[in-house]
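Atoms within each ligand, like the ligands themselves, are counted from 1 in listed order.
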Amino acid sequence: MNLTNNQNLNMLSELDSLALMINMSDYPLNKKESAAYKQAVLACQKQLESDGCAHLPNFIREDKIELIREQSENVSHLAHYHENKVTPYATEGNPELGENHPVNRYQQFSNGFVAKDLLPEQMIIKQLYRNTIFQEFIAECLGKDKIYEYADPIAGLVINAMPENTSLPWHYDTNEFIVSLMTRRPEEGGEFQYSPGLRQPGNENYSEVQNILDGDLTKVKSLTLNTGDLQMFKGRFSMHRVASCKGTRLCALFGYAEKPGMIGKIKRTKDVYGRVTEAHIKAEQETREDGLAG
Ligand SMILES: O=C(O)CCC(=O)C(=O)O
Ligand SMILES: [Fe+2]
C-alpha cells in the first residue's frame, strides 16, 4: 500500500480504529472487495427490501460489549426527558376527523435522549458514527451513493434512554432511515415492534394504522436486539414503537442525511433536547432569508 499521502494514513487509522470496535470476522468492512463483504451487504439489502429492517447481530466485538454498555450507562443521567402526548405523525390533530382517527390518537411519550454534544469523543458509538468506512457500508446497504453526518451540534447521534416505566409509543420517523446500536439490553422487554411498509407515498393506510393502535398486533413484527447488535431501519414507512421494559434500555441512534449541512429545526430541537444552540438559530435565520416557509 502506498502510504505517502495523508489520505492513505487517515484511511489506515480509520481501519485500525474500526478493527478495534467491530466484529470483522462476520462483517469484514476491512475487505470491501471480498465475497464475504459483498454477501454481508446483500443480506442487509434483502432484509431492507422485504422488511424495511435489517438486523446485524454481534456487530460489536465481543470484548467491547461491556465497554459500550458501561460508556452508555455513564452518560445516561444526562438524558433530557419530556413528558408529552403525541400522535403517530407528531402533528397537531384534526378536529374534523373523529377522535379515534389515527391523526387524533395522542399517546404518552416519556423516554429521554442524551444529545451528541454530551457524548465524550472517545466513546465507541461516537467513533463508529464518524468512521467513514462504516458510513460507506451503511450507504451501500441502503443503496445510497453517500451519507453525511448531521451538522447539528446536538442531534444526529443520540442515546435513546428508557428507564423502566417509560414509553416510546407508535410513530413514524421524519428520517427515511435510522441506524441503531443497542448499548444496554434491558433485563426484560424493550422489544422493537414494527409494521413493515404500513404506509407508502400517497397512501397513509389509516385503517390498518388504526387496527394497530387498537391493539391488533397481527401485522406487527418484533425484534429483540442484544447489546452490541446493529439495526438499520426505514422508519418513514413502517410504524414502530419500543415495548416497555424492565431495567433500563439504552440504544444509540445514528442519524445520517443525504446532503451535508443538516441542522434540526428550533421547535423540535427544543422539545426533544430542551435547548438549542447558536447553530440552530443561525440555520433557521438563513432558511427564512431565502423566503421559503418552514
Ligand atoms: O430505540 C429504538 O430502538 C428506536 C427509537 C425510535 O424509534 C426513535 O427514536 O424514533
Ligand atoms: Fe422511530
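H171 contributes NE2 as its N, O or S atom closest to the Fe ion (ligand 2).
The ring of F192 has its center closer than 6.0 angstrom to the ring center of F233.
Protein heavy atom closest to atom 3 (O) of ligand 1, with residue, atom name and distance, is R249 NH2, 2.9 Å. Counting protein heavy atoms only, atom 9 (O) of ligand 1 is closest to L253 CD1, 3.4 Å. Among all non-hydrogen protein atoms, the one lying nearest atom 5 (C) of ligand 1 is L168 CD1, 3.6 Å. The closest protein non-hydrogen atom to atom 4 (C) of ligand 1 is F192 CE1, 3.9 Å.
Proximity of H171 to ligand 1, defined as any heavy-atom pair under 4.0 Å, is confined to the side chain (atoms from C-beta onward). Counting heavy atoms closer than 4.0 Å to ligand 1, residue H240 contributes side-chain atoms (C-beta onward) but none from N, CA, C or O. Under 4.0 Å from ligand 1, the heavy atoms of V242 that appear belong solely to its side chain.
Looking only at side-chain heavy atoms (C-beta outward), Q135 and E149 come within less than 4.5 Å of each other. A heavy-atom distance below 4.5 Å is found between the side chains of S17 and N131. Contact of the Q210 side chain with the N100 side chain is registered, since non-hydrogen atoms from C-beta on lie closer than 4.5 Å.
Seen from the Fe ion (ligand 2), atom NE2 on H240 and atom OD1 on D173 lie at an angle near 90° (rounded to 10 degrees).
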side-chain hydrogen bond (donor to acceptor under 3.5 Å, both in side chains) assessment of T183 paired with Q71 | CA-CA 9 Å; T183 60; Q71 288 179 340; over 6 Å; no
R199/E204 under salt bridge (charged side-chain N to carboxylate O under 4.0 Å, His left out): CA gap, chis, key distance, verdict = CA-CA 5 Å; R199 71 172 180 183; E204 286 285 359; 3.2 Å; yes
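Remark: among candidates N160, T174, L181, the nearest residue to atom 1 (O) of ligand 1 is N160, based on non-hydrogen atoms.
A salt bridge links E121 with R130: the distance from a Lys NZ or Arg NE/NH1/NH2 to an Asp or Glu carboxylate oxygen falls below 4.0 Å. Between E66 and R69, at least one side-chain nitrogen of the basic residue sits less than 4.0 Å from a carboxylate oxygen of the acidic one, meeting the salt-bridge criterion.
Within the structure, the closest approach of F113 to ligand 1 falls below 4.0 Å when heavy atoms are considered.
Each of the atoms 10 (O) of ligand 1 lies under 4.0 Å from some heavy atom of D173.
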